[in-house]
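Reminder, nothing fancy here: chain letters follow the sequence lines and each chain counts from 1.
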There are 2 protein chains.
Amino acid sequence: MTTREEVARKAGVSVAAVSYVLNNKPGVSDATRQKVLEAIRELDYKPSHAARTLKTKKTNQLTVFVNYLGDAFEAGILNHLEMESRMFGYFVNFQTYHPEREEELRHFMAGRIDGVFLLGQSLRPETLETLHKAGIPVISVMKPVEPGPVTAFVDIDWTASLQKTIRHLKSEGHLRIGLMANLSETHAHRTRTLAFRQAMKAEGLPFGETDILSGGGRLEAAKAAMLDYIRIGRLGEHTAFVAASDLMAIGMLTACRESGIAVPDRLAIAGCENVLMTLQTTPTITVLDYPRPEASVAAVRLMVEAIRGEPVASRLFDSRLLVRQSTHMGG
Amino acid sequence: MTTREEVARKAGVSVAAVSYVLNNKPGVSDATRQKVLEAIRELDYKPSHAARTLKTKKTNQLTVFVNYLGDAFEAGILNHLEMESRMFGYFVNFQTYHPEREEELRHFMAGRIDGVFLLGQSLRPETLETLHKAGIPVISVMKPVEPGPVTAFVDIDWTASLQKTIRHLKSEGHLRIGLMANLSETHAHRTRTLAFRQAMKAEGLPFGETDILSGGGRLEAAKAAMLDYIRIGRLGEHTAFVAASDLMAIGMLTACRESGIAVPDRLAIAGCENVLMTLQTTPTITVLDYPRPEASVAAVRLMVEAIRGEPVASRLFDSRLLVRQSTHMGG
DNA sequence: TTGTAAGCGTTATCAC
DNA sequence: GTGATAACGCTTACAA
């Protein structure tokens, strides 16, 4: 392994000079700079990341907690987060998040990362506290349910957004609207449940506990819940359903198809994220378009600023409603 | 930040003793061990990863190159890789792979990782060479097209597997079978194209360049290619298609649905991976079941052994054919 | 069984 | 402008 010492020797300068050049410090003569650059090239020298980290306490690594990578929505955000982070010289690693293994994760992270991205999870206060004390910013894409002291978050205004969905549904004649929710306490989907309740209220529509189905955030579970709903003869109770995630919307659609329930004629279905697949189903699914690229880019910006010690503020984005076949009669 | 020195002071022992305890070295008295453990707990001490890496040259980090995270197949493998790697104390980071940015990636990795996982990509010889010289094992999940000197790979026997698919198709009366391929030079999907050609030959079925459609590995592109195929009136040429990836199979199915082509009656379609979604389409899609968990676990094992310097050998797994509605007449 | 001390490859503070 | 040199926190001979 080539070290800075060898480079210095080869260039006929001191190790300090090499450092200056490498870190773009001012006050280095052009001649020296050239010699150093030349030596670096010839020796194919790469600075030691570990040594640098030991000295500077900066790891240039970011970690993101993922709930379930099989979800195209999360995968998409992870993707954007990675690409944007790399622009700033950060490596991104990820860890599947299990609430019950938080302690273990905390241990795992110690001294290895400069920042944590959350995908809406609510970390435990002790964990947040540990990270805070270690000076590690926590930026959440999607507002955590427990507000807790995350450094900042980016999200859309769920109440306003879901109100758009509800208004559209109303305009199509739907007054009994149900929600396929994910009731997990620590998952960002819960925010959507809360927002949906408010939005229904704002729109003057009735909404209670019996209007909520539990789909666990996954396709399979939502499908099972819907199949059950149909089986026990509840189908007449609602004329439309909003699913808190696209995967759940697809699950509901699958359940309807297998049961011979026409969508949107007998039941309208809308999703919340706009993953690619919602455009590939029959019927195509009406969804809110979560601005993933923008939100991810913003999250990385916030992260970089927070790491620099600059003050950061959470951001809320707009979300459009994309009306497609699953909610549009005669569409 | 608590250091080993503080722990030593608190426990009333030397810094070396703390190290011995931490690294489970023999030759430490129980009394000392207890005192150290106690001090560590009280101080909530965590060893510095950077310092340890600087000294040992082990980073305990693995990286995986991802082609496209929106693909449930890759996401699934990434998932398994992460979970299994963590069992062995490794952190997993990932990088979206772009052939043209390989140089940049190489730079990015220097001194930061102990091993590289490939998802079937063919790395350039120089890159492989660099990694080899740095003592970094390269384990590929799915055999790279260019055999190159990767340390080892895990995969299924594609020719034998695709032969199962073809035999099944033959038994359903299909003799003109096409392939929806991904022709990218560096992508593992290419292996499947090669294998398919061999399998067709082995089954005594005609297969030439005109029997190949190019779907770029993605749903959208495969759908477009299929739509095109239908539009220009080629539909009668084949009675069945095998897609080199499930995403492409779904894209073809979508194209057929939008064009009013009945599957499997007018065209049978089969996939290659068994991602969850193939069970949720109508019709459900016949697929080969790629043993993702087993392959991922095996890949991590190989990685750990290779890092330890043990000799490793590539492994081939069996793959089952899951016959579903998309290829089964009257199913 | 325990302690001392020499690095590991950087960065950064001083002198020169 | 440039060059010594002291940390950074850890591992590991080697000494005691």
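As a whole-Å value, the separation of K58(A) NZ from dA12(C) C1' is 17 Å. If you take CD of Q34(A) and P of dT2(D), they are 12 Å apart, rounded to a whole angstrom. Taking atom CG on L22(B) and atom P on dT12(D), their separation rounds to 12 Å, with Å as the unit. The distance from atom CD of E5(A) to atom P of dG3(D) is 13 Å, rounded to the nearest whole Å. At whole-Å resolution of the value, NZ in K25(B) and P in dT11(D) are 9 Å apart. Rounded to a whole Å, the NZ atom of K55(A) is 15 Å from the P atom of dC10(D). Put simply, CG on N24(A) is 16 Å from C1' on dG1(D), counting in whole angstrom units. K57(A) places its NZ atom 15 Å from the P atom of dT10(C), with the value rounded to the nearest Å.
Salt bridge E6(B)/R9(B): absent, no basic N to carboxylate O contact under 4.0 Å. With salt bridges taken as basic N to acidic carboxylate O contacts below 4.0 Å, one links E84(B) and R301(B). E38(B) has no carboxylate O lying under 4.0 Å from a charged side-chain N of K35(B), or vice versa, which leaves the two without a salt bridge.
The residue V13(B) sits close only to the backbone: its heavy atoms come under 4.0 Å of sugar-phosphate atoms, none of a base. In this structure, S48(A) reaches the sugar-phosphate backbone alone: every heavy-atom distance under 4.0 Å involves primed, P, OP1 or OP2 atoms, never a base. Among the heavy atoms of the strands lying under 4.0 Å from R52(B) are primed sugar atoms or P, OP1, OP2 only; no base atom is included. Base engagement by A16(A) is indicated by at least one non-hydrogen atom pair under 4.0 Å involving a base atom. Contacts of T53(A) with the nucleic acid, taken as non-hydrogen atoms under 4.0 Å apart, are absent.
Side-chain proximity of L54(B) to the nucleotides dG9(D), dG1(D), dT2(C) is greatest for dG9(D). Checking dC10(D), dG9(D), dT5(D) against every side-chain atom of V15(A), the shortest atom distance belongs to dT5(D). Nearest to the side chain of T3(A), among dG9(C), dT1(C), dC10(D), sits dG9(C).
Close to dT2(D), at under 4.0 Å from its OP1 or OP2, lies a side-chain N or O of T32(A). OP1 or OP2 of dT10(C) has not a single side-chain nitrogen or oxygen of Y20(A) nearer than 4.0 Å. OP1 or OP2 of dT11(C) sits under 4.0 Å from a side-chain N or O of S19(A).
The aromatic rings of F108(B) and F91(A) sit parallel to each other, their planes meeting at less than 30°, with 60° as the upper class boundary.
Exactly one of F65(B), F117(B), Y68(B) qualifies for a ring pair (Phe, Tyr, Trp, His ring centres under 6.0 Å) with Y97(B). That residue is F65(B).
If K46(A) and A31(B) are placed on DNA chain C by their nearest nucleotide, the residue sitting closer to the 5' end is A31(B). Comparing S29(B) and A51(A) along DNA chain C, the residue whose closest nucleotide (by nearest heavy atom) sits nearer the 5' end is S29(B).
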>> Evaluate L62(A) against V116(A) for side chain to side chain contact (heavy atoms under 4.5 Å, CB included), listing each step before the verdict.
In response: CA-CA 6 Å; L62(A) 268 17; V116(A) 173; over 6 Å; no
